[in-house]
Amino acid sequence: MCGRYGFGNPARLGTLPLGVTFPGLPARFNVAPSQAVPLVLHDRGERQGLMARWGLVPFWADDPAIGNRLANARGETVATKPSFRGAFKSRRGIMPADLFYEWQVLAGQKVKQPWCIRMADDRPFAMAALWERWVPKTQPDADPLLTCCLITTDPNSTMVPLHDRMPVILHEEDYAEWLDPATPPALAQRLIRPFDGPMRAYPVSTVVNTPRNEGETCAAPLTSFPSTRADTD
DNA sequence: CCAGACGTTGTT
DNA sequence: GTCTGG
DNA sequence: CCAGACGTTGTT
DNA sequence: GTCTGG
């Protein structure tokens, strides 16, 4: 799963070939589900960059609290699960980021070790997402709540020692196909695979565990542990 | 037919 | 909204 | 993902 | 133990 991430250099997110920017977006190093996150989507024929609540609320939901449990969608089943298939067919999005975290379970140990994972060159990247607009049935005229979730897949060689899942990261040349609601789901499904570019991972302190902690400290390397780097996958 | 669920992760 | 279970 | 709460009644 | 909230 991927339940925590960040964008430590928000201005640099605009260098991704997405056609949108997020002016004034503050740096974040510990974004948790339920919080407002930058989202890129293709709606009514145009690319848009909007803030959305992380945690998908399907349009048919009675209670938006369901979103607290839908921060991730499994790539293997996203096309068929009732909570995700509608969004997968026509509401695919991108959550831009430059780091994410995973908690490593160490054999025989109760405590989990958090790791920070980035591109090997620290550039930002595009995480495959789904989005929805939810309106309470009791208030049909209310402003829609824009929500989103990440799609997860098997780990690549960088992630295997750390965790059994990772977020789907898209290559630049695939952004348009992923975002286009006219792309057949079968083609979009092919983009759901472990990222095959160079990444790096390093352990961080448990400061990141507490969602109310924020700032660069969350992503600072723990010097007493070794980091890993994979130049290829 | 209507009622109720609709999810992931990790742990056992 | 749509599927499964009763 | 992890942290933190986990309850009702009546009264302000 | 399990659910909700961030």
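Residue numbering restarts at 1 for every chain, and letters A, B, ... go by the order of the sequence lines. Side chains included, hydrogens not; waters and symmetry mates left out as well; all remaining heavy atoms used.
A:R212 comes within contact range of the sugar-phosphate backbone alone, with a heavy-atom separation under 4.0 Å but no base atom that close. Residue A:T206 is out of contact with every strand shown, counting any heavy-atom pair closer than 4.0 Å. When heavy atoms are screened at a 4.0 angstrom cut-off, A:W103 is found touching the sugar-phosphate backbone but no base atom. Across all strands, A:Y5 comes closer than 4.0 Å to no nucleic acid atom at all (heavy-atom distances). Nucleic acid contact for A:V208: none, since no nucleic acid atom lies under 4.0 Å from a heavy atom of the residue. Contact annotation for A:S34: base contact, defined as any heavy-atom pair under 4.0 Å involving a base atom. No contact: A:Y101 has no heavy atom under 4.0 Å from any strand.
For A:R4, the side chain to side chain donor-acceptor pair (under 3.5 Å) partners two or more places apart in sequence, or in a different chain, are A:N30. The side-chain contact (heavy atoms from CB on, under 4.5 Å) test applied to A:T21 returns A:P23, not counting sequence neighbours. Evaluation of the side-chain contact (heavy atoms from CB on, under 4.5 Å) rule for A:T152 yields A:N72, A:R74, A:R165 as partners, not counting sequence neighbours. Contacts of A:A11 classified as side-chain contact (heavy atoms from CB on, under 4.5 Å), with partners at least two apart in sequence or in another chain: A:N9. Partners of A:A27 under the side-chain contact (heavy atoms from CB on, under 4.5 Å) rule, at least two apart in sequence or in another chain, are A:P10, A:F29.
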Could you give the side-chain donor-acceptor pairs of residues 166-178 of chain A under 3.5 Å, partners two or more places apart or in another chain?
unit_1	atom_1	unit_2	atom_2	d
A:H171	NE2	A:D196	OD1	2.6
A:E172	OE2	A:R123	NH2	3.0
A:W178	NE1	A:G93	O	2.7

In residues 103-112 of chain A, what donor-acceptor pairs under 3.5 Å come from side-chain atoms, sequence neighbours left out?
unit_1	atom_1	unit_2	atom_2	d
A:W103	NE1	A:N209	OD1	2.8
A:Q104	OE1	A:W115	NE1	2.7
A:Q104	NE2	A:P161	O	3.1

Mind listing the side-chain donor-acceptor pairs of residues 46-58 of chain A below 3.5 Å, one per line with the distance, residues two or more places apart or on another chain?
unit_1	atom_1	unit_2	atom_2	d
A:R47	NH1	A:L18	O	2.8
A:Q48	NE2	A:D43	O	3.3
A:W54	NE1	A:A71	O	3.0

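A:N156 places no side-chain N or O within 3.5 Å of a backbone atom of A:P194 that could act as its donor or acceptor partner.
Where DNA chain D meets chain A (any atom under 4.0 Å from a heavy atom), the bounding nucleotides read 5' to 3' are D:dC1 to D:dG4.
Remark: the separation of the C1' atoms in D:dG10 and E:dC3 is 27 Å, to the nearest Å. Comparing the C1' positions of D:dA5 and B:dA5 gives a spacing of 26 Å, expressed to the nearest Å. Nucleotides E:dT2 and B:dC6 place their P atoms 16 Å apart, quoted to the nearest Å. Annotation: B:dA3 and D:dT9 have their P atoms spaced 28 Å apart (nearest Å). Taking atom C1' on both D:dC1 and B:dT11, the two are 15 Å apart, rounded to the nearest angstrom.
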Output the pairing pattern of DNA chain B as a dot-bracket string, 5' first, Watson-Crick or G-U wobble with both distances under 3.5 Å, | for cross-strand pairs, [ ] for crossing pairs.
||||||......

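Between the OG atom of A:S83 and the CD atom of A:E132 there is a distance of 9.0 Å, given to the nearest 0.5 Å.
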Hey, what are the protein-to-nucleotides 3-6 of chain C N/O distances that come in under 3.5 Å?
none

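Residue A:D143 qualifies as open at atom CG: its count of foreign heavy atoms under 6.0 Å is 12 or below.
Apart from A:L187 itself, the hydrophobic cluster it occupies contains nothing, where clustering links Ile, Leu, Val, Met, Phe, Trp and Tyr at side-chain heavy-atom distances under 4.5 Å.
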